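Because the structure is predicted, anything quoted here is derived from the model rather than measured.
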Amino acid sequence: MRPLYLARRVLEQERRQRGRKVYSLHAPEVECIGKGKAHRPYEFGVKVSVATTVRHSAGGQFVTHAAALPGNSYDGHTLGTVIPQMQALIGNILDRCITDAGYRGHNAPPATGQKRRLTPQIKREFKRRAAIEPVIGHLKEHHRMRRNHLAHASGDAINAVLAATGYNFRRLLAWLRFLLLTILIALGLAA
């Protein structure tokens, strides 16, 4: 019954139809995400929120939060759900969130304290915003976030978390490898 229902929806939907459309019969939860980039204006899948720390740690740039966001919601409308999840996960209250321009003015917590110009510290932190782009690229290229092989919406959520976990393990192993090499060199020089 379900495949016939989906096939009928595909046949009856129109090109510029508003609302929920079916893009794939075998995965009806897939959505069309407008990227706004010239080389690839649209992607099919589910939007994923990825968060890292502002400061670069000794082991590299770790992913602190990753979650699939079904429903193709606007970026700014996801802050209300993502920020409490991040705070619960890290066990601390966030002082400041640095996001891209898509989040401006939509459910963002009001800015406090800063009235006029940007301080040099805030300017440096805004430049660190660009540091998340390589993390997202590594998640897509090396940790299977570009193509999800898990089924349904729960598979999308699991894939996002597993990709972030795999990325963090790779960073941790690289840091442990460096630490071991440093210890071996120190022992070799001492002997």
Side-chain angles (χ1 to χ4, degrees), residues 1-53 59-90 97-103 106-107 129-174:
M1 179 66 182
R2 180 122 170 104
L4 292 176
Y5 170 73
L6 289 175
R8 176 170 287 153
R9 277 186 59 188
V10 168
L11 289 174
E12 292 174 354
Q13 69 189 12
E14 296 182 17
R15 184 180 184 104
R16 302 224 181 255
Q17 170 184 329
R18 289 278 197 197
R20 188 92 170 111
K21 290 173 79 174
V22 177
Y23 295 101
S24 173
L25 291 176
H26 70 280
E29 69 273 1
V30 169
E31 300 155 355
C32 180
I33 302 167
K35 300 297 283 182
K37 297 180 181 175
H39 68 282
R40 184 176 288 173
Y42 300 101
E43 283 185 356
F44 294 96
V46 175
K47 192 174 285 192
V48 173
S49 169
V50 177
T52 63
T53 57
Q61 193 75 19
F62 287 93
V63 175
T64 57
H65 180 265
L69 303 170
N72 199 8
S73 56
Y74 186 70
D75 286 347
H77 297 160
T78 62
L79 279 178
T81 59
V82 170
I83 289 176
Q85 289 175 0
M86 288 189 326
Q87 290 176 345
L89 187 66
I90 62 175
C97 293
I98 301 172
T99 63
D100 60 2
Y103 289 90
H106 295 278
N107 292 345
R129 160 57 184 95
I132 197 169
E133 295 300 332
V135 172
I136 293 170
H138 285 300
L139 286 173
K140 285 184 174 182
E141 191 65 29
H142 303 294
H143 299 283
R144 298 183 179 177
M145 188 146 0
R146 187 176 305 278
R147 177 80 169 103
N148 181 11
H149 297 282
L150 303 175
H152 309 296
S154 60
D156 295 331
I158 292 168
N159 189 53
V161 171
L162 288 178
T165 304
Y167 175 82
N168 285 343
F169 274 129
R170 181 178 277 188
R171 297 296 329 143
L172 187 61
L173 287 174

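- Counting non-hydrogen atoms of neighbouring residues, nucleotides and ligands closer than 6.0 angstrom, the CZ atom of Arg9 exceeds 12 such neighbours.
- Taken to the nearest 0.5 Å, the CG atom of Leu173 stands 11.0 Å off from the CG atom of Asn168.
- For the pair Val135 and Val63, the minimum side-chain heavy-atom distance is below 4.5 Å.
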Original post:
After noting the C-alpha distance and the side-chain angles of Arg170 and His142, does the key distance pass the side-chain contact (heavy atoms from CB on, under 4.5 Å) rule?
Top reply: CA-CA 10 Å; Arg170 181 178 277 188; His142 303 294; 3.6 Å; yes
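- How far CG of Leu89 is from OG1 of Thr64: 7.5 Å, rounded to the nearest 0.5 Å.
- Between Ala67 and Gln85, the closest heavy-atom pair is CB-OE1, 4.1 Å.
- The heavy-atom pair separating Met86 from Ala51 by the smallest distance is SD-CB, 3.3 Å.
- Glu31 places no side-chain N or O within donor-acceptor distance of the main-chain N or O of Pro70, the cut-off being under 3.5 Å.
- The heavy-atom pair separating Arg2 from Pro28 by the smallest distance is NH2-CG, 3.8 Å.
- In terms of heavy-atom proximity, Tyr167 sits nearest to Phe62 at CE2-CA, 4.5 Å.
- Side chains of Pro134 and Gln61 form no contact here, defined as non-hydrogen atoms less than 4.5 Å apart.
- Looking at Val82 and Leu69, their side chains come closer than 4.5 Å, going by heavy atoms from C-beta outward.
- Taking both residues in full, the closest heavy atoms of Val46 and Ala68 are given as CG1-CB, 4.2 Å, listed atom of the first, atom of the second, then distance.
- What you find for Met145 and Ala163 is that their closest heavy atoms are CE-CB, 3.8 Å.
- Rounding to the nearest 0.5 angstrom, the gap separating the CG atom in Asn159 from the CZ atom in Arg146 is 12.5 Å.
- Atom CZ of residue Arg20 and atom CD of residue Gln13 lie 10.5 Å apart, to the nearest 0.5 angstrom.
- Going from atom OG1 of Thr52 over to atom CD of Glu133 covers 10.0 Å, rounded to the nearest 0.5 Å.
- Once rounded to the nearest 0.5 Å, the distance linking CZ of Arg16 with NZ of Lys21 reads 9.0 Å.
- Other residues, nucleotides and ligands contribute only 12 or fewer heavy atoms inside 6.0 Å of the NE2 atom of His152.
- Open room surrounds CD on Glu14; 12 or fewer heavy atoms of other groups in view lie less than 6.0 Å from it.
- Residue Tyr23 qualifies as enclosed at atom OH: its count of foreign heavy atoms under 6.0 Å is above 12.
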